[in-house]
Protein chains: 2
Amino acid sequence: MASDRKRQIIEAAAQSFAAFGYKATTMEQIAKLANVGKGTIYTFFKSKEELLDEIVSGLIVEIKAEAELAMDPSLPFFENVHRALYRILEFRQRHQLTAKLLQEVRNIGTAAVQEVLAKLDRAMVEFIRQKIDAAVEKGEIRPCNSEITAFLMLKTYIALIVDWEKDHEPLTKEQIAELFALYFLQGLSK
Amino acid sequence: MASDRKRQIIEAAAQSFAAFGYKATTMEQIAKLANVGKGTIYTFFKSKEELLDEIVSGLIVEIKAEAELAMDPSLPFFENVHRALYRILEFRQRHQLTAKLLQEVRNIGTAAVQEVLAKLDRAMVEFIRQKIDAAVEKGEIRPCNSEITAFLMLKTYIALIVDWEKDHEPLTKEQIAELFALYFLQGLSK
DNA sequence: AATTGACCATATGGACAATTTGGTCATTTG
DNA sequence: CAAATGACCAAATTGTCCATATGGTCAATT
């Protein structure tokens, strides 16, 4: 089946990207791992970049699903956004593929990887933005520029989880939730 | 006079670092520009790194002074912090030396420059932290972890001024002040 | 005592060859 | 005949010298 071969290729590529990074993975490696000829890859993907892009698109869906799962409709908006953001950042750092891609950008700054991670971040901002819009609609929070707010929320979580650890002891999940509430909640809630 | 020679060297080095970057500047260049022998530099500075470090230390003093100047004791705390942070970020981006060093870190990631810019950021956080502590003392704002708060404020300004422009139209100074007030002020004020 | 530039070990960069790699396509295969 | 393939190619990357440049030292000089 054709779509089965495509899945094999995506699986093999994702596995190799996660283990060796994007640049260090060759199309021949992927072909071998997927048990297909190298040419076959190019019947499904225009280029190596497009293959990476499709993998990351799948990752975005996966992360959104994880974030959605972390939320609970019966809880207040801010608790849910906290859970979603924390889960997203957790995924970003712990998942082999994203962790490797982040490392690759830091260490060698591969352009294609930079692009794809920027896309991932934009998707996360958009995800949060929709939650904010819904909450505004429901009157749970004060109206605001939802895109800037979502953008700042993600930046804040990256700062608290990734950047803060460079010079200090890591903050616990609870501390982060408190800080998030202190700044954003009390700044937004009616 | 000895301190005069030292000043000459610092001046020459700062000028050359700003024009060509840290890595692309040679000690011989600096010596020529300062009208001293290369050996003389090493009677004042242990190494090229230490020379850079001392220049940046001076820069920190200069930026703090600028930030202080931007503030006005008769204005409310948050307006002053906004002015200080905005001025700091403005300096960081417009001043030749800092701009060149930031570019160098982005493009080639020179380790010594990375260190020195991290030190600059830490100094700015510390500067803001003291302002926050003073405001807490005076009862102008609610007590909080001043270091984390200062850290997040700086990160927020960098996000709004530097990162936001990568994908969007720049925000005006007034818009940034409003956003800052929306999140931080209303989250902190009694 | 302060200053200096010749000097040294090492790092850097350029030139060139060898190898690797992303991508193509004529051929094969089921 | 449509899908799959791997030999093949141009371009990029890597490896290897070697010449040069550079950070730092120190004996000679001022």
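Not measured: the values here are computed from a predicted model. Convention: sequence-line order gives letters A, B, ...; per-chain numbering from 1.
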Can you tell me how far [atom2] of [N] sits from [atom1] of [X], to the nearest Å?
X         : N       : atom1 : atom2 : answer
Gln29(A)  : dT21(C) : CD    : P     : 8 Å
Lys38(B)  : dT3(C)  : NZ    : P     : 17 Å
Ile30(B)  : dG24(D) : CD1   : P     : 10 Å
Phe45(B)  : dT3(C)  : CZ    : P     : 13 Å
Gln8(A)   : dA3(D)  : CD    : C1'   : 14 Å
Ile108(A) : dT13(D) : CD1   : P     : 11 Å
Ile9(B)   : dA2(C)  : CD1   : P     : 14 Å
Ile41(B)  : dT22(D) : CD1   : C1'   : 12 Å

* Can you find a side chain N or O atom of Arg5(A) that sits less than 4.0 Å from OP1 or OP2 on dA3(D)? ->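 Answer no for this pair, as no side-chain N or O of Arg5(A) is under 4.0 Å from OP1 or OP2.
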* Asked: In terms of heavy-atom contacts, does CD of Glu28(A) have more than 12 from other residues, nucleotides or ligands at under 6.0 Å?
  -> no
* Asked: Within the structure shown, what part of the strands sits under 4.0 Å from Thr40(A) by heavy-atom distance: base, sugar-phosphate, or nothing?
  -> base
* Would you please say whether a donor-acceptor pair under 3.5 Å links the side chains of Thr149(A) and Tyr183(B)? =>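 Yes, Tyr183(B) and Thr149(A) have a side-chain donor paired with an acceptor closer than 3.5 Å.
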* Most 5' of Lys23(A) and Asn35(A) on DNA chain D, judged by nearest nucleotide -> Asn35(A)
* With a 4.0 Å cut-off, would you call Arg83(B) and Glu79(B) a salt bridge? -> yes
* Asked: Can Lys131(B) and Glu68(B) be counted as an ion pair, charged N to O under 4.0 angstrom?
  -> yes
* Asked: Val105(B), Val162(B): one ILVMFWY side-chain cluster at the under-4.5 Å cut-off?
  ->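 Yes, one cluster joins them.
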* DNA chain C: 5'-proximal contact among Gly39(A) and Met27(A) (nearest heavy atom) ->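 Comparing both residues, the 5'-ward one is Met27(A).
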* First of Ala24(A) and Lys46(A) reached from the 5' end of DNA chain C, by closest nucleotide ->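 Its nucleotide being nearer the 5' end, the pick is Ala24(A).
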* **Selection from dT5(D), dG23(D), dT24(C) that lies nearest to any side-chain heavy atom of Lys48(B)** =>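 Of dT5(D), dG23(D), dT24(C), dG23(D) is nearest to the side chain of Lys48(B).
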